[in-house]
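Data first, discussion second: the structure below is written as structure tokens.
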Number of protein chains: 2
Amino acid sequence: MVEQGRSTATITRVAEAAGVSRATVSRVMNGHSTVAPELAERVLAAARALDYAPSPVARSLALGRTATIALIVPDLSNPMFQDVLRGLSLAAGADGHRLLIAESNEHVEDEEVLAIEARRRCDGVVLASPRLPTADLERLVPQLTPLVLINRKLPGSGVPSLSVDHAAGIGDLVAHLLSLGHRRIAYLAGPPASTSNRDRLDALLRLSDHGREFELIQVPCGAMFDNGHDVAGEVAGSGATAVVAYNDMVAFGALSGLHELGVSVPGQISITGFDDIPFARFTTPPLTTAAVPKNTLGKQAWEQLRNQLDGRRTKHEADFRPRLLVRGSTGRVSS
Amino acid sequence: MVEQGRSTATITRVAEAAGVSRATVSRVMNGHSTVAPELAERVLAAARALDYAPSPVARSLALGRTATIALIVPDLSNPMFQDVLRGLSLAAGADGHRLLIAESNEHVEDEEVLAIEARRRCDGVVLASPRLPTADLERLVPQLTPLVLINRKLPGSGVPSLSVDHAAGIGDLVAHLLSLGHRRIAYLAGPPASTSNRDRLDALLRLSDHGREFELIQVPCGAMFDNGHDVAGEVAGSGATAVVAYNDMVAFGALSGLHELGVSVPGQISITGFDDIPFARFTTPPLTTAAVPKNTLGKQAWEQLRNQLDGRRTKHEADFRPRLLVRGSTGRVSS
DNA sequence: TTGAAAGCGCTAACAA
DNA sequence: TTGTTAGCGCTTTCAA
């Protein structure tokens, strides 16, 4: 048997040492009612001497709450979720709550049981599950509440949801490209099952208006560097003068691939990303993109969750409009 | 009051419904001893009907273990830790353990209480705490055990520790640069308090051998994109023909900055990074770097922790030697 | 094989 | 103000 930390004192031992009841110790430790100062002092002294701290697990059972929340994401390697994670961790931590993280590793089929299991160890859940079918999600809601959804709406369910307004972001990017004279635009599509990909694609289709505003060339791609890199050739041969990438990583991969092919950006082709992940302004050339406030998303998620934990009702849906950042990767169309 | 999920069934209700004792339900749920098949079936039916699942919190209290571990990191925005997080999350998850994550947000002074608090909710801790003074860490060990250290050694303590062999990585990078003819090398230093920075710097000083092998120019920098970007001018003016950056992000920032200044890489200056974070091979030019097996680190951390949880002793220290990846950002010195 | 009972460590009515 | 008591939901000896 391995040494499992020093044997921890219990409330009973402290009570004995201080010559009081466990209830009194509990009251002192929680700053409750008014315990006689001299008693309180005795209790604290005993607690210090025994190096006592209340057991979170026992408290959780007695109180019915754990001071812990769960974040459920499909994929931790996605910078988008990393920032949400970070914002959430900081905000919840500042309010004395721990963060449990559960990653489905893109296995949608495990996501339900993962979420339910996680919820049972926690007081609430922040769920980012872009691929889970709506029907399944709806069925899940009662077991996950208090719940906050990220990048996903469930109208009429009363579940707070924080989303990026993808359509608005795409709108800004396209307007920018159109103003530069581009009329043949390739979309490097993200994962087909991803709702954010669908949102972005829908927006593009709408804006293209059946080719009347501009010609839209769809290129199946993915969500990672490599995917963008690998379609560079296809892009170059497509006749597109501008590329709207699913996200910054893809854009960066494409940038890299085009560079290797000797295609100049933005000289011959313009490229836009989406998200504004940290290095987007450091690429060569720096990436024009739509910045989504990812930290804000995490922080707001905590606010929404805390409201529910406190029994408050809360506003239900928030859309965060990305901010267009024009940088060096887009330029006037070469005629 | 908000709806807190559907009211969950307890073991008592299931026992009543099945007409058995709680002990029997417990045995069935845990696949223990041999409960008579027909009884077991009755219990399972009741459990299904009531949608029962054992409470993890109650189990934790009764069993004295939580099936949860904690990862403690100074800064989640550091890609290095993100990958460790990911590897750890996956490995622990595969063995049915949850992951609690605690971020000190670089506040070393909070790290101790954060770690202790986290440990009390968990069965063990993976600690990445590059800046915590050794004495403090040593005092902490008994309260955190089972414990695994990342990028940090505590000789004689018996605490398993997984580290990157920074010196070896730097050695490979420098050998590479020397072979290309470089004799004036700038080091873009990371955070002074970081042990990994110190390791890398020490290695450089040793290799430089007081300038006999090459001249070492120290440039205080940092750990992020911006820091690298901001010292580009200084680097360009330093007369260095090659740059060893603290990590890939800094290298990338420097790359970007030099590009803006019209300094060609590797034409005029060669640059190396460290870590091989995902985009390192997509920069322009792609980054020569020392690849650290970060996923492995996370995965191994779980192995080490699991060994301790199982009461097994385990090998104590592992050094992961980075792999030199020669890419486009380094070239023969321009004479 | 099954059940009764005690216990994990804490909190919170209720009484005194 | 303090203590007594019951209870949070589960596991696990110990007897039967």
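In this text, all values refer to a predicted model and were calculated from it rather than measured experimentally.
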Quiz item: Rounded to the Å, how far apart are A:Arg13 CZ and C:dG9 P?
Solution: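 A:Arg13 atom CZ is separated from C:dG9 atom P by 9 Å.
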Quiz item: Roughly how many Å is it from CZ in B:Arg121 to P in C:dG9, rounded to a whole number?
Solution: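 From B:Arg121 CZ to C:dG9 P: 17 Å.
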Quiz item: Are the charged groups of A:Asp136 and A:Arg139 less than 4.0 angstrom apart, N to O?
Solution: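 So A:Asp136 pairs with A:Arg139 through a salt bridge.
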Exercise. Can you check each nucleotide of nucleotides 7-16 of chain D against protein heavy atoms at under 4.0 Å and return B for base, S for sugar-phosphate only, - for none, in 5' to 3' order?
Key: -BBBBB----
Quiz item: Between C:dA4 and B:Ser21, is there an OP1 or OP2 to side-chain N/O distance shorter than 4.0 Å?
Solution: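 No, B:Ser21 has no side-chain N/O under 4.0 Å of OP1/OP2 on C:dA4.
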Quiz item: Hey, is the main chain of A:Ser89 close enough, under 3.5 Å, to the side chain of B:Glu103 for a donor-acceptor pair?
Solution: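 Between the backbone of A:Ser89 and the side chain of B:Glu103 there is no qualifying donor-acceptor contact (under 3.5 Å).
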Practice problem: Consider only side-chain N and O atoms of A:Thr66 and A:Asp123, and report whether a donor and an acceptor are under 3.5 Å apart. | Solution: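 Side chains of A:Thr66 and A:Asp123: pair found under 3.5 Å.
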Quiz prompt | Any donor-acceptor N or O pair under 3.5 Å, side chains B:Arg152, B:Thr134 | solution =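 Their side chains do contain a donor-acceptor pair, which is all the 3.5 Å distance test asks for.
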Self-check item: 4.5 Å side-chain heavy-atom contact, B:Asn151 and B:Thr195
Solution: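 Sidechains of B:Thr195 and B:Asn151: no contact.
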